[in-house]
Amino acid sequence: MADFDLNLDELRAVFAVEATENIDALERGLLALESEPEQPDVRHELLRVTHTLKGNASCVGLQAITTFAHVYEELLERVDERSIEIDGTLITQLLAGVDVLRRLLENSSDDNLTEEDREIAARIAAYCGSEVTAAPVLARAAEASTARPAGFRSLRVAEEKLNRMLNLVSEMTISRGRVREMLSNRAQIDVESLVEIERQIDLQQAELQELIMRARMVPVGPLFRQYARVVRDVAATHGKNARLVTIGEDVELDTTAVEALRDPLTHMIRNAIDHGIEPSPARVASGKPPVAQITLEARHEAGSIIIIVSDDGAGLNRAHIAERARTLGHDPDRLSDAELWRLIFEPGFSTAENVTDLSGRGVGMDVVRRSIEALRGSIAIDTREGERTTFTIRLPLTLAVIEGFGVQVGSETFIVPMENVLECLELKSASAESHDGATGVILLRDEVVPYIRLRSLFAIEGTPGARENVLIVSMSGRHNGMKAGLVVDQLNGAGQAVIKPLGKWFSDVPGIAGSSILGTGRVALILDTTTILNQVAAQAAAANA
């Protein structure tokens, strides 16, 4: 019995992966059917996917999914035969059924239909002969469409990649065996041969690392496509009309980043519909198409992944944002447009007059900024009032390994992400002006750049040496933006660092993004450059006040 239970659990785990893909395919197909109801291939595919889902659920003993999928399949048969009219109300009911299937899959341990599930099943079963109201379904559709079963995360890796990984591990094992054999006969060690073997292991390890990182990469297409449902339902619920356009679906991103981007993208899309997209009559009056367009785009650029979220709505309202900024103690007359736009990422900042289900609490864009920065990324805004708004997110290609620049202060080593590093130079007293010993400014090619000593920032004991160095850094992805200097004792140079989490005890330490293990076995802290630069800017402003 124990063996049977174990096998059933394994079967259900495999079923969950395939069922998630089937349910996602159902949702995409229904949205396509709403746009092109005359396409027989779409109708046939919907019926095929539902039949597969029902059969697989029955095989693993999930009766609730089987029962519901059977009712669902009967309605899709009518749709496929064109004996029922395909309109927005029908699609809404079928999408509600997708939500039920997702919930049943997520809670497969509770193999029962809830009262709400039964109500939706009854409406689907009786749909042909009764009227159905769409509003209650739309009210929760956007949240359900982005939900994913928490326990069923998996990756598919090509067989040739796995075979190559296995071969590399075998080769590394052979190389290590040769090293052990040499070390067992220390009196006869051939140093040149030992160095050569070490080089081989280094090359094998580098290739294995590259393969593993590539295995973690997944295309952003599935992530992007799920928001078609969000755009449709949220816009319809609030009396607007919008559609989603995706570009660059084949661009690959680290799977951890894909998961972490779900909430930020949801916030931005919902904000675009609430604040940016106008109702169809207003759009027509201003010479725009009645259906608004929200675009999700991904592309590679200079060793980074660029995610662009744009809409052709009304753009950001400078007057409203300036008014809100003034109430929070800012002087908008002294801020550039870029500085003013960045205020919408501050906690509690909202221009909404009333709290709604979409906005008004001032937490959405703050969550977006913090989530992006947690991925070592940055976000920028470009807008034109009355025409468009574009958010550009820049992320590293992988979250497992970082290209970093090592610096040393006393006996401590720190790593600065290379994407933030501009240049390094010696700190000369003739070009530097100190405010309090910990901070100051340096004249760099006729530009005044503030700096901060890492020794003071992290309270490292000891005194600076006779010679200090400055690492000039900038905000991630904004090399033409704010600059600052990090004063250190020694520059160790560039190299790769494997990122290790610090754990919950250090998660709230400002200025630290993670750690890495050096070749010596010591721990080096990876600096959160954005947080440090913000601190430098605040101290510089206080010194000039």
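Atoms considered below: every heavy atom in the structure, side chains included; atoms not considered: hydrogens, waters and symmetry mates.
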Query - NZ/NE/NH1/NH2 to OD/OE distance under 4.0 Å, E119 and R123 - result: yes

Query raised in the report: Tell me, do L75 and L90 make a side-chain contact under 4.5 Å, heavy atoms counted?
Result: yes

Query raised in the report: Would you call E81-R43 a salt bridge at under 4.0 Å N-O?
Result: no

**Report entry** Pair H238, D274: side-chain N/O donor-acceptor within cut-off below 3.5 Å
**Finding:** no

Query - T50/L26 under side-chain contact (heavy atoms from CB on, under 4.5 Å): CA gap, chis, key distance, verdict - result: CA-CA 8 Å; T50 305; L26 272 178; 3.3 Å; yes

Query raised in the report: Do any N or O atoms from the side chain of K240 and from the backbone of I277 form a donor-acceptor pair under 3.5 angstrom?
Result: yes

Query raised in the report: Does the distance from a Lys or Arg side-chain N to an Asp or Glu carboxylate O, for R370 and E373, drop under 4.0 Å?
Result: no

Requested in this report: Give the intermediate values and the outcome of salt bridge (charged side-chain N to carboxylate O under 4.0 Å, His left out) for residues E38 and R82.
Outcome: CA-CA 9 Å; E38 301 300 326; R82 295 308 305 270; 3.1 Å; yes

Query - S336 backbone acceptor or donor facing E339 side chain under 3.5 Å - result: yes

Query raised in the report: If you measure only the distance, is there a donor-acceptor pair under 3.5 Å linking the side chains of E259 and T256?
Result: no

Report task. Output yes when D312 and R388 qualify as a salt bridge under the 4.0 Å nitrogen-oxygen rule, no when they do not. Result -> no

Requested in this report: Quick one: closest heavy-atom pair of L340 and A325, and the distance?
Outcome: CD1-CB, 4.2 Å

Report task. Could you tell me the separation between the OG1 atom of T20 and the CG atom of L101, rounded to the nearest 0.5 Å? Result -> 11.0 Å

Report task. In sequence, state the C-alpha distance, the side-chain angles, and the governing distance for E278 and K288, and then conclude on side-chain contact (heavy atoms from CB on, under 4.5 Å). Result -> CA-CA 10 Å; E278 316 96 326; K288 294 182 178 181; 2.9 Å; yes

Query raised in the report: In Å and rounded to the nearest 0.5 Å, what is the CE to CD1 distance from M268 to I381?
Result: 10.0 Å

Query raised in the report: Under 3.5 Å, is there a donor-acceptor pair between the T67 and Q63 side chains?
Result: yes

Requested in this report: Without swapping roles, check the side chain of D80 against the backbone of L76 for a donor-acceptor pair under 3.5 Å.
Outcome: no

Query raised in the report: In Å and rounded to the nearest 0.5 Å, what is the OG to CG distance from S371 to L261?
Result: 8.5 Å

Query - Flag, side chain of S280 to backbone of P290, donor-acceptor distance under 3.5 Å - result: yes

**Report entry** CD1-CZ distance between I91 and R229, expressed to the nearest 0.5 angstrom
**Finding:** 10.5 Å

Query raised in the report: Any side-chain heavy atom of I308 sitting closer than 4.5 Å to one from F391?
Result: no

**Report entry** Note, R232 side chain near N241 side chain (heavy atom, < 4.5 Å)
**Finding:** no

Report task. Would you indicate whether the side-chain heavy atoms of H267 and L265 approach each other to under 4.5 Å? Result -> no

Query - Pair T392-I306, side-chain contact (heavy atoms from CB on, under 4.5 Å): steps then yes or no - result: CA-CA 7 Å; T392 302; I306 306 297; 3.6 Å; yes

Report summary line: Closest heavy-atom pair, R326 versus P332, reported as atoms and distance to 0.1 Å, is NH2-CG, 3.1 Å

Query - Beyond-backbone contact of V220 with E252, side-chain heavy atoms, under 4.5 angstrom - result: no

Report task. Please name the pair of heavy atoms, one in I124 and one in G97, separated by the smallest distance, quoted to 0.1 Å. Result -> CD1-CA, 4.2 Å

Query - Side chain proximity check, D311 to Q293, heavy atoms < 4.5 angstrom - result: no

Query raised in the report: Within the distance-only criterion (no hydrogens, no angle test), does the side chain of R283 pair as donor or acceptor with the backbone N or O of P289 below 3.5 angstrom?
Result: yes

Report summary line: Here the gap from I65 atom CD1 to F15 atom CZ, rounded to the nearest 0.5 Å, amounts to 4.5 Å

Query - Side chain R243, main chain A292, donor-acceptor under 3.5 Å - result: no

Query raised in the report: Between atom CG of L533 and atom CG of N420, what is the distance when rounded to the nearest 0.5 Å?
Result: 7.5 Å

Query raised in the report: Can you tell me if S310 uses its side chain to pair, donor with acceptor, with the backbone of T389 under 3.5 Å?
Result: no

Requested in this report: For the pair R225 and E27, find out whether any cationic side-chain nitrogen is under 4.0 Å from an anionic carboxylate oxygen.
Outcome: no

Query raised in the report: So, does T383 use its side chain to make a donor-acceptor pair with the main chain of L316 at under 3.5 Å?
Result: yes

**Report entry** Shortest non-hydrogen contact from I307 toward A298
**Finding:** CD1-CB, 3.8 Å

**Report entry** Residues K483, E447: salt bridge by 4.0 Å N-O rule
**Finding:** yes

Report task. Look at atom CG of D87 and say whether more than 12 heavy atoms of other residues, nucleotides or ligands are closer to it than 6.0 Å. Result -> yes

Query raised in the report: Should D24 and R102 be marked as a salt bridge (charged side-chain N to carboxylate O under 4.0 Å, His left out) after you check the CA-CA gap, both sets of side-chain angles, and the distance that decides it?
Result: CA-CA 9 Å; D24 288 346; R102 279 205 177 102; 2.9 Å; yes

Query raised in the report: With distance as the sole criterion, is a donor-acceptor pair present between the side chains of R394 and S378 under 3.5 Å?
Result: no

**Report entry** Audit row: I526, I512, side-chain contact (heavy atoms from CB on, under 4.5 Å) steps and yes/no
**Finding:** CA-CA 6 Å; I526 300 173; I512 300 298; over 6 Å; no

Report summary line: Nearest heavy-atom contact between P264 and V368 is O-CG2, 3.7 Å

Requested in this report: State whether R299 and E297 are salt-bridged, where the test is any N-O pair (Lys NZ or Arg NE/NH1/NH2 against Asp/Glu carboxylate O) under 4.0 Å.
Outcome: yes

Report task. Indicate the atoms forming the closest heavy-atom contact of L395 with G377, along with that distance. Result -> CD2-CA, 4.0 Å

Report task. State, yes or no, whether a side-chain contact exists between L94 and Y72 at a heavy-atom distance under 4.5 Å. Result -> yes

Query raised in the report: Are the side chain of Y227 and the backbone N or O of L244 linked by a donor-acceptor pair below 3.5 Å?
Result: no

Query - Qualifying residue for side chain to side chain donor-acceptor pair (under 3.5 Å) with H51, from H70, E77, E73 - result: E73

Requested in this report: Given side-chain hydrogen bond (donor to acceptor under 3.5 Å, both in side chains), test S83 with R78 step by step and report yes or no.
Outcome: CA-CA 5 Å; S83 61; R78 302 287 301 275; 2.9 Å; yes

**Report entry** Intermediate values then yes/no, salt bridge (charged side-chain N to carboxylate O under 4.0 Å, His left out), E106 and R103
**Finding:** CA-CA 5 Å; E106 184 174 2; R103 191 201 67 77; over 6 Å; no

Query raised in the report: Are any side-chain N or O atoms of D254 and backbone N or O atoms of M217, one a donor and one an acceptor, separated by less than 3.5 Å?
Result: no

Query - Heavy-atom check, side chain of L296 versus side chain of L223, under 4.5 Å - result: no

